[in-house]
Amino acid sequence: MIVTDPAATGQRTAFAPNWLGRLGWVALVIYVIYAGSQLGFSAERFSTGLEHGHRFLVRMFPPNFERWELIYDGILESLQIAVIATFFGVLISLPVGLMAARNLMPAWISWPMRGVIALCRSFHPIIVAILFVKAIGFGALAGVMALIVASIGFISKLFAEAIEEISLKQVEAVRASGAGFLSVLIMGVQPQVLPRFIGFATYQLDSNLRNSTMVGIVGGGGIGAALFTAYQRFDFDVVLAILIVIVSLIMVAEIVSGWARRVFQ
Amino acid sequence: MQGQVSPLASAAPQGDDSRALVLRGLRKEYRAGQPVLRGIDLVLPGSGLTAIIGPSGTGKSTLIRCINRLVQPTSGEILFRGQDLAKLSGRSLRSARRRIGMVFQEYNLVERLTVMENLLCGRLGYVPAWRAWLRRFPAQDIARAFDLLDAVGLPGFATRRADALSGGQRQRVGIARAIMQEPDIILADEPTSSLDPKTSVEIMEILHRFAAERNIPVIVNIHNVELAKRFASRIIGMTGGSVVYDGPPQGLTEADLKTIYGGENWME
């Protein structure tokens, strides 16, 4: 017998040592230290950094709302970009997500659709925004298009996964009544996935709001342009004002989306 | 048995026999070379309650699911109302399915829909999708649904959500949904297996009552031999994918049960 009874030898171990795991942790720590030294991190670098940071913070206060009209216009445009992008993004994601669901669709539809979704997900929204700015010119349209692509990449995948997790027993029963495919979707699938879809859509609105403040930096419209200009001109008090407005906008969005989720529970 | 098949299948459908179901050489292999159904030949009359008994994994569920084609038979014929159900597809399959009601072991209600919406699911074969989407079902369907809720003993449950019901209540909704289809036959796949003994009897009583009152033939897969004997007018015993007993409940002997379930220790 190869395996000896541990009870007989008096060496019972409650927790088996995971040597491979420990080795992994040690390797990770060593790499972090090595990478840090390669990038020139040192104590002096930190202290000069802290000095810079101190001056930066001092110049930020108090926040400067004098040019509130500029901020207001920018934030309004960002909001519009986010809402439009979420609306069309979700609208397109519904059929895309359905077609990517492997339990309802044959492989020759679902796999190409998964490819499309992966393509939409493969770039950060900023890179997509740069592409659209170059392709169709400066302005909010480029920002909207970039965020639509980002939305499709993200929520189509979540939609598809939600559909793949439904109970097929309920679908089977609806199908057994002689219902057509559309009716099966409406009465058998939709009731099972609707609350999760609402959750994903509100989450995407939230995410698009944050991203819409950013696409302006590369010329995609919205508050990002004003923010970038303020940074460039070292108007750090204006920067702080814009940041405060963005934070409050995101918080309001959080409250609204929480409320929407409750309504559709 | 082969002698019975031909006259029924060839005769013009009339009276009760218009709802007769004829299976000929029905085979199903989920994996090639491993048949679950080994050529079933059966003639089921156009009325009354027929119980199919047999051990688990013997193909009872597969047999019932082949009839409404939730499972695709490998070969064989399923003759019902002048059609071979095994050969249908697309639109013709859906219009055949809407005349076949089905009751499931785990009820298979759409959990997040109300009782009324679940009942109206039984009308989806008749109602266009946009009407279902907007919940604009014909008034007579809704009236029928209310009548059926009364008939299965659930008055006042229309607006309850299905996930708020007990097992027995769910199965009553499941039966009412099947009847909503105005079916020519009802298939019940172990409708009592998830229920307690008392509720099981109540559910079988409801199925038996509908079979008699509305003259709808009912085919029930059932594990409980006592319930089968009590409510069925005919019993079919299956084992290993073949029919080994076909006759009245009174004729079912201990020897038959031994053939169906194998061994005898369990009978004591």
Side-chain angles (χ1 to χ4, degrees), chain A residues 87 90-95 97-99 101-109 158-202 260-265, chain B residues 61 64-65 67-71 88 90-114 117-135 137 161-163 170 173-174 177-183 186-187 189:
Chain A
F87 178 79
V90 170
L91 208 64
I92 299 169
S93 294
L94 288 172
L98 174 69
M99 285 191 278
R102 283 167 295 191
N103 55 345
L104 296 185
M105 288 289 161
W108 61 269
I109 297 181
L158 293 179
F159 280 0
E161 275 166 13
I163 293 173
E164 283 174 0
E165 283 166 16
I166 61 171
S167 152
L168 283 177
K169 293 187 168 184
Q170 301 175 30
V171 173
E172 184 184 48
V174 177
R175 193 175 277 155
S177 72
F181 183 69
L182 262 186
S183 295
V184 171
L185 288 185
I186 290 165
M187 297 299 269
V189 178
Q190 189 244 45
Q192 296 192 55
V193 295
L194 185 69
R196 295 188 66 190
F197 276 19
I198 300 284
F200 296 147
T202 55
R261 263 182 287 244
R262 263 203 308 284
V263 167
F264 289 97
Q265 191 52 57
Chain B
S61 286
I64 263 194
R65 280 176 155 72
I67 295 171
N68 66 354
R69 294 278 305 282
L70 289 176
V71 167
L88 300 181
R91 187 175 294 274
S92 58
L93 173 61
R94 288 201 296 275
S95 71
R97 269 182 185 162
R98 67 186 190 184
R99 307 295 292 191
I100 304 175
M102 188 154 186
V103 178
F104 298 85
Q105 176 179 355
E106 287 166 31
Y107 334 120
N108 294 20
L109 304 182
V110 184
E111 297 281 312
R112 300 185 60 91
L113 293 183
T114 64
E117 286 169 321
N118 268 291
L119 255 62
L120 291 170
C121 279
R123 300 305 296 170
L124 288 178
Y126 302 87
V127 170
W130 67 269
R131 272 179 170 263
W133 190 44
L134 299 174
R135 302 292 190 268
F137 286 88
R161 234 166 72 162
D163 52 12
R170 284 175 199 217
V173 175
R177 172 174 66 185
I179 304 289
M180 278 299 287
Q181 292 175 230
E182 296 176 88
I186 288 182
L187 311 172
D189 188 17

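Computed from a prediction, not measured in an experiment: that's the story for all the values here. Order of the sequence lines fixes the chain letters, A, B, ..., with proteins taken first and strands second; residue numbering starts at 1 for each chain. Scope of the values below: all heavy atoms of this structure, side chains included, with no hydrogens, waters or symmetry mates.
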Exercise for review: Select, from B/Met102, B/Arg131, B/Glu117, B/Arg98, the one with the greatest count of heavy-atom pairs under 4.5 Å involving chain A.
Suggested key: B/Arg98
Exercise for review: Sort out for me which of B/Leu120, B/Asn68, B/Leu109 touches chain A most, counting heavy-atom pairs under 4.5 Å.
Suggested key: B/Leu109
Exercise for review: Determine whether A/Ser167 and B/Glu111 make a side-chain contact, defined as any pair of heavy atoms from C-beta on separated by less than 4.5 Å.
Suggested key: no
Exercise for review: Return the set of residues passing salt bridge (charged side-chain N to carboxylate O under 4.0 Å, His left out) with B/Arg99 (not counting sequence neighbours), or none when no residue passes.
Suggested key: B/Asp184
Point to revise | Side chain, backbone, both or neither of B/Arg69 within contact of chain A (heavy atoms, under 4.5 Å) | key: neither
**Study point:** Closest-packed option against chain B by number of heavy-atom pairs under 4.5 Å, given A/Arg175, A/Met187, A/Gln192
**Key:** A/Met187
**Study point:** Which atom of A/Ala176 lies closest to which atom of B/Gln181, heavy atoms considered
**Key:** O-NE2, 4.0 Å
Exercise for review: Would you mind checking which part of B/Arg65 comes under 4.5 Å of any heavy atom in chain A, side chain (CB onward), backbone (N, CA, C, O), both or neither?
Suggested key: side chain
If you look only at distance, which donor and acceptor atoms sit under 3.5 Å apart when one is on a side chain in residues 177-186 of chain A and the other is two or more places apart or in another chain?
| residue | atom | partner | partner atom | Å |
| --- | --- | --- | --- | --- |
| A/Ser177 | OG | A/Val174 | O | 2.7 |
| A/Ser177 | OG | B/Cys121 | O | 3.1 |

